[in-house]
Each structure stands twice: as structure tokens, then as C-alpha cells.
Amino acid sequence: MNNPHHLNPTSLKSRFTTRFLRALTKIRAQKPISSSSPTEIFRRYRRIKVAADKSMAYSVRSRRIWSRAMLWKLRSRSYRRQDPCSGRRFGKTNQAIMKKSSNENTTTRREDGVGFVEEADELRQLVPGGETMNLCNLLDETAHYIKCLTTQVQVMKKIADFYSF
């Protein structure tokens, strides 16, 4: 009944794999590496990393705060140009993208007040968009973000294994 060789087309892993492979194909078609200089290798690494992040964020769509934050960050890098007619910058503001996040107080304290605020603040720095989240949303988004990163690593490992033969 369930064939392990076929992915569910609506699954996160399937959506990510499709988008990521398409992005890798575009990267490969752009410009072949002319040298193995550290600069060229780093540029290629950055293109692959951005492709992986963008593929994952688009696969999740705008249902998650972290994916909206990541997409905003990626778009703002590419939309730094200004419209020549109006002089306005392209793209939405971070506040417009993040408006779906909760407006609750972002500081949380344990009853004894020791260490918990600092740990939550460290977590906020690791999860895209985490600085705008209350603790409950932060924990929920962190769990989902970790799940997505795990999926990303699994897919990338399978691709590397496939091409290593």
C-alpha cells in the first residue's frame, strides 16, 4: 500500500525536496565554477545555503512566524534596489510581515526568576522572527523550526549520498 520510494506530494519533505532540487538545478546552470579559490567556494556555499533556507521557508509557506521572518530577510537582501520612478524601496517592512505574531509581553520569568529570561532570549536569537514572539509561541515555533531543519538535513544527506556513488 505505502510505497516508501514515493513521497506524499503534500508532505513538507516532498515540497522541500522539489523546491530545493529545482534551486540546485538553477545554481548549477548559472555559471560553472571557474576556479577552486576559497572565494568561489564560499560564494557557491552561500548560494546553496540560501536556496535551502528559501526552499524550506516556501515549503512551510506563511503559516509560521519563522518562515515569514526568513522569507522577509531573504527578500530584503534581494530588494535593496529602489524603484527609479518613485524612489521607494521594494518589498514589505518587517512589521508588515510579522504582524501575525502575538503582541503579548516577550519577557517571561520563572517563579524564582533565575536564568529563564536569558535562556529564552538566547532562543529568540536562534529562531528567525523569535525576537517578536511571546514564550508560548517561541517554544511552538522552535519545535517546528527544529523539525524543518531536521527534514532539511535528511534531504540534503540523501542528495549527497546519491551523488557520492
Side-chain angles (χ1 to χ4, degrees), residues 5-101 119-133 137-138 140-165:
H5 300 290
H6 294 286
L7 291 173
N8 176 358
T10 61
S11 74
L12 174 68
K13 187 179 273 189
S14 177
R15 290 191 312 263
F16 170 71
T17 302
T18 302
R19 288 179 184 277
F20 186 55
L21 288 174
R22 196 176 308 139
L24 288 177
T25 303
K26 286 181 183 179
I27 289 170
R28 189 170 185 196
Q30 282 176 354
K31 183 176 116 177
I33 295 179
S34 57
S35 71
S36 59
S37 72
T39 304
E40 252 335 283
I41 292 170
F42 182 74
R43 283 184 186 148
R44 191 167 182 90
Y45 154 78
R46 288 296 303 162
R47 285 192 298 247
I48 292 169
K49 182 181 182 331
V50 167
D53 288 346
K54 191 182 271 189
S55 297
M56 184 55 70
Y58 273 116
S59 297
V60 172
R61 301 181 185 110
S62 63
R63 288 180 282 179
R64 292 294 187 160
I65 297 168
W66 71 260
S67 66
R68 290 192 302 268
M70 185 177 287
L71 288 171
W72 177 83
K73 182 179 176 184
L74 293 168
R75 286 178 187 142
S76 67
R77 284 184 188 161
S78 63
Y79 287 156
R80 297 202 187 213
R81 302 176 307 251
Q82 290 190 346
D83 182 3
C85 297
S86 68
R88 291 178 36 208
R89 293 181 87 134
F90 289 98
K92 295 181 179 181
T93 64
N94 191 20
Q95 290 79 21
I97 298 293
M98 301 306 295
K99 74 180 180 180
K100 289 185 180 180
S101 65
E119 291 169 355
D121 288 341
E122 287 178 21
L123 190 57
R124 282 187 177 90
Q125 292 175 2
L126 295 174
V127 177
E131 41 307 312
T132 65
M133 295 178 216
N137 284 343
L138 178 64
D140 183 50
E141 292 289 322
T142 301
H144 190 266
Y145 186 55
I146 290 170
K147 175 186 166 196
C148 289
L149 289 174
T150 303
T151 300
Q152 191 179 62
V153 168
Q154 289 171 349
V155 169
M156 293 173 95
K157 186 173 189 265
K158 286 190 185 231
I159 291 170
D161 290 345
F162 179 78
Y163 284 107
S164 67
F165 289 111

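Nothing fancy with the numbering, it's 1 onward along the sequence.
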Inset, instruction - Please name the pair of heavy atoms, one in I48 and one in F20, separated by the smallest distance, quoted to 0.1 Å. - result: O-CE1, 3.9 Å
Legend entry - Side chain to side chain, H144 and V60, heavy atoms closer than 4.5 Å: yes
Legend entry - Closest contact, heavy atoms only, A69 versus P128: CB-C, 3.6 Å
Legend entry - Residue list, side chain to side chain donor-acceptor pair (under 3.5 Å) with Y58, at least two apart or on another chain: R75
Inset, instruction - Identify the heavy atoms of S62 and R68 that sit nearest to each other, and give their distance. - result: O-NH1, 2.7 Å
Inset, instruction - Would you please classify the geometry between the F42 ring and the Y45 ring as parallel, tilted or perpendicular, with 30° and 60° separating the classes? - result: tilted
Inset, instruction - Report the distance from atom CZ of R43 to atom CD1 of I27, rounding to the nearest 0.5 Å. - result: 14.5 Å
Inset, instruction - Of all the heavy-atom pairs spanning M56 and C148, show the shortest one and how long it is. - result: CE-O, 3.2 Å
Inset, instruction - Work out which heavy atom in I65 is nearest to a heavy atom in G129; give both atom names and the distance. - result: CG2-O, 4.1 Å
Legend entry - Minimum side-chain heavy-atom gap L12-S59 below 4.5 Å: yes
Legend entry - Distance (rounded to the nearest 0.5 Å) between S67 OG and Y145 OH: 11.0 Å
Inset, instruction - Return the minimal non-hydrogen interatomic distance between L138 and G130, and the atom names on each side. - result: CD1-CA, 4.1 Å
Legend entry - Partner residues of R61 under the side chain to side chain contact (heavy atoms under 4.5 Å, CB included) criterion, sequence neighbours left out: R15, R63
Side chains of residues 151-165: which donor-acceptor partners sit under 3.5 Å, not counting sequence neighbours?
residue, atom, partner, partner atom, Å
T151, OG1, K147, O, 3.0
Q152, NE2, A52, O, 2.9
Q154, OE1, K13, NZ, 3.1
S164, OG, A160, O, 3.4
S164, OG, D161, O, 2.9

Legend entry - Salt-bridge contact R64-D140 (side-chain N to carboxylate O under 4.0 Å): yes
